[in-house]
*Asks:* 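Structure in structure tokens, see below.
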Protein chains: 2
Amino acid sequence: MAERAISNSIGTGESLLFLTDEQLRRGIEAMFFAYRGFTADPDRILQNYEYGRAHHRAIHFINRTPGTTVNNLLNILGVTKQSLNRVLRSLIADGLVESRVGVQDKRERHLYLTEAGSKLERELSEAQRNRMRTAFRNAGPEAVAGFRAVLEQMMDPEMQRHFQAGQEN
Amino acid sequence: MAERAISNSIGTGESLLFLTDEQLRRGIEAMFFAYRGFTADPDRILQNYEYGRAHHRAIHFINRTPGTTVNNLLNILGVTKQSLNRVLRSLIADGLVESRVGVQDKRERHLYLTEAGSKLERELSEAQRNRMRTAFRNAGPEAVAGFRAVLEQMMDPEMQRHFQAGQEN
DNA sequence: AGTTTATGTCAGCCTTGTTGACTTTCCAAG
DNA sequence: CTTGGAAAGTCAACAAGGCTGACATAAACT
């Protein structure tokens with residue numbers, strides 16, 4: 001009764017992979033539950049400040065790529081510029097992010113974390129990394145490789161490019 | 001410059017796992033980008049109906065465990081009853097979900113998908129499974145095992161229990 | 001110079017989360 | 001058999017963070 005519908009199966013090397021609907025459903029639920037854990041720690045911290053998950057994302061990617069433009073961030077985050085603007089405005093007003101007018105192209109705004117911004121970034125990412133580190137450690141190195149391989153395959157192609165661009169600056 | 005801070009490292013069996021902050025950051029971004037892909041297809045479909053992601057989640061878990069109670073669903077979804085109630089009300093009003101008063105305990109409401117509800121559930125989950133299946137196939141069977149192992153470790157303990165409870169009905 | 005494109009801003013709306021207060025129904029224990 | 005508490009549902013108000021539309025400005029391209 002458990003394996004009622006076999007969606008697909010392939011042979012890879014010596015082992016066979018049966019992809020039943022039931023197994024796919026487990027993968028789906030794993031993503032759902034795990035994402036909740038993934039965001040839980042930063043969310044808790046953000047409540048102490050007056051910020052939300054959207055601010056965290058902006059801070060993360062500004063930290064990853066200092067001097068990035070607003071439009072660049074827009075593409076990575078996949079939200080509208082109006083939505084991002086609201087977040088950036090509060091971060092700039094609170095002195096966590098600095099916005100500098102572009103030199104070559106003065107239409108562009110280049111974004112940097114201030115010292116205070118960096119401090120919050122470290123607090124948030126440390127909490128998130130701690131969980132990730134524990135999960136990686138408990139699951140083992142081979143699991144980590146598989147984890148990343150599957151996640152990369154799950155991304156839309158454009159996000160795959162953003163992801164890969166973030167490796168080895 | 002890439003490996004500036006080594007957070008941790010452990011030996012597991014014969015291979016060493018170096019968990020640099022940089023590698024953990026990649027894991028974090030992988031989760032972020034992948035989750036977007038994970039929800040993209042259902043989100044697109046839901047726009048044709050007047051529903052959102054919250055409706056999808058309710059439909060998914062009612063389908064997984066027919067006859068589940070509202071309180072049960074509350075614990076799994078991790079939202080307030082007021083928030084869930086709004087979603088359930090519209091699904092019941094539109095005839096996608098049926099709410100039956102409990103037999104033993106008449107305070108409880110047991111939830112079931114109607115035929116129309118099942119139809120939407122299939123449409124949504126097929127889209128999501130298609131993406132998951134392709135990702136699994138491209139990444140290979142060992143990667144799939146690793147993917148699930150890491151995700152399970154990333155969950156909060158209570159969610160781990162919900163996840164495991166959903167295996168092998 | 002005039003048009004188009006890129007970028008950024010402001011205003012307003014919608015979904016979905018939250019808290020708090022309250023009612024109704026029901027079970028179970030004193 | 002009454003009373004306390006659990007389960008479910010409702011109403012109201014609010015916040016975060018998506019969205020669209022309208023618009024301003026700078027740069028680039030006829």
Side-chain angles (χ1 to χ4, degrees), chain A residues 32 35-36 39-40 42-62 67-94 97-111 124, chain B residues 32 35-36 39-40 42-62 67-94 97-112:
Chain A
F32 171 69
Y35 196 78
R36 288 249 300 278
T39 55
D43 282 357
R44 219 172 350 256
I45 293 169
L46 287 159
Q47 285 188 327
N48 304 335
Y49 306 82
E50 304 253 88
Y51 297 133
R53 212 176 279 182
H55 300 82
H56 181 196
R57 294 198 279 257
I59 287 174
H60 173 96
F61 284 105
I62 293 173
T68 189
T69 63
V70 172
N71 210 28
N72 206 329
L73 212 45
L74 243 36
N75 291 326
I76 289 177
L77 295 176
V79 297
T80 58
K81 60 183 176 178
Q82 295 90 331
S83 201
L84 176 58
N85 187 254
R86 180 172 27 197
V87 167
L88 284 180
R89 232 184 312 162
S90 67
L91 289 174
I92 291 168
D94 297 348
V97 168
E98 194 190 344
S99 166
R100 298 185 204 153
V101 173
V103 182
Q104 297 97 336
D105 190 332
K106 291 173 191 164
R107 292 175 298 184
E108 294 180 342
R109 302 288 187 282
H110 297 271
L111 303 169
L124 293 169
Chain B
F32 171 68
Y35 196 77
R36 287 251 298 280
T39 55
D43 282 356
R44 220 172 350 256
I45 292 168
L46 286 159
Q47 284 188 327
N48 304 335
Y49 306 82
E50 304 250 272
Y51 297 134
R53 211 176 280 183
H55 299 82
H56 180 195
R57 293 198 279 256
I59 288 173
H60 172 95
F61 285 104
I62 293 172
T68 189
T69 62
V70 172
N71 209 30
N72 208 328
L73 213 46
L74 243 36
N75 291 326
I76 289 178
L77 295 176
V79 297
T80 58
K81 63 180 175 179
Q82 294 89 334
S83 201
L84 176 59
N85 189 255
R86 182 173 28 201
V87 167
L88 284 180
R89 231 185 311 162
S90 66
L91 289 174
I92 291 169
D94 296 350
V97 167
E98 195 191 344
S99 166
R100 298 188 205 150
V101 174
V103 182
Q104 296 96 339
D105 188 336
K106 290 173 191 165
R107 292 169 300 181
E108 293 180 340
R109 301 291 185 277
H110 297 269
L111 303 168
Y112 301 86

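Proteins get letters first, then strands, A, B, ... in listed order; numbering begins at 1 in each.
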*Asks:* Could you work out which one of D:dG17, C:dG17, D:dA26 sits closest to the side chain of B:Arg57?
*Replies:*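 Nearest to the side-chain atoms of B:Arg57, counting from C-beta on, is C:dG17.
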*Asks:* Would the base of C:dG17 count as contacting B:Arg53 through its side chain, where contact means a donor and an acceptor less than 3.5 Å apart?
*Replies:* no
*Asks:* Using the side-chain heavy atoms of A:Asn85, tell me which of these nucleotides is nearest: C:dT9, D:dT20, C:dT18.
*Replies:* C:dT9
*Asks:* What nucleotide, of C:dT16, C:dC26, C:dG8, holds the atom closest to the side chain of A:Asn71?
*Replies:*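 Taking heavy atoms from C-beta onward, the closest nucleotide is C:dG8.
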*Asks:* Between the side chains of A:Asp94 and A:Tyr49, is a donor N or O closer than 3.5 angstrom to an acceptor N or O?
*Replies:*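 Checked: A:Asp94/A:Tyr49 side chains show no N/O donor-acceptor pair below 3.5 Å.
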*Asks:* Whole Å only: how far is the NE2 atom of B:His110 from the C1' atom of C:dC26?
*Replies:* 13 Å
*Asks:* A:Arg107 has a side chain; which of C:dG8, D:dG9, D:dA28 sits nearest to it?
*Replies:*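 Out of C:dG8, D:dG9, D:dA28, the nucleotide with an atom closest to A:Arg107's side chain is D:dA28.
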*Asks:* Whole angstroms only, please: what is the CG-P distance between A:Asp43 and C:dT16?
*Replies:* 18 Å
*Asks:* Ignoring hydrogens and angles, are the base of C:dG17 and the side chain of B:Arg86 linked by a donor-acceptor pair under 3.5 Å?
*Replies:* yes
*Asks:* Go nucleotide by nucleotide along DNA chain C from the 5' end; which of B:Leu84 and A:Arg89 gets its closest nucleotide reached first?
*Replies:* A:Arg89
*Asks:* If you check the B:Gln82 side chain, which of C:dA21, D:dC19, D:dA8 turns out closest?
*Replies:* C:dA21
*Asks:* Which listed nucleotide (C:dT16, D:dA8, C:dT9) is nearest to the side chain of A:Lys81?
*Replies:*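 Given the options C:dT16, D:dA8, C:dT9, the side chain of A:Lys81 is closest to C:dT9.
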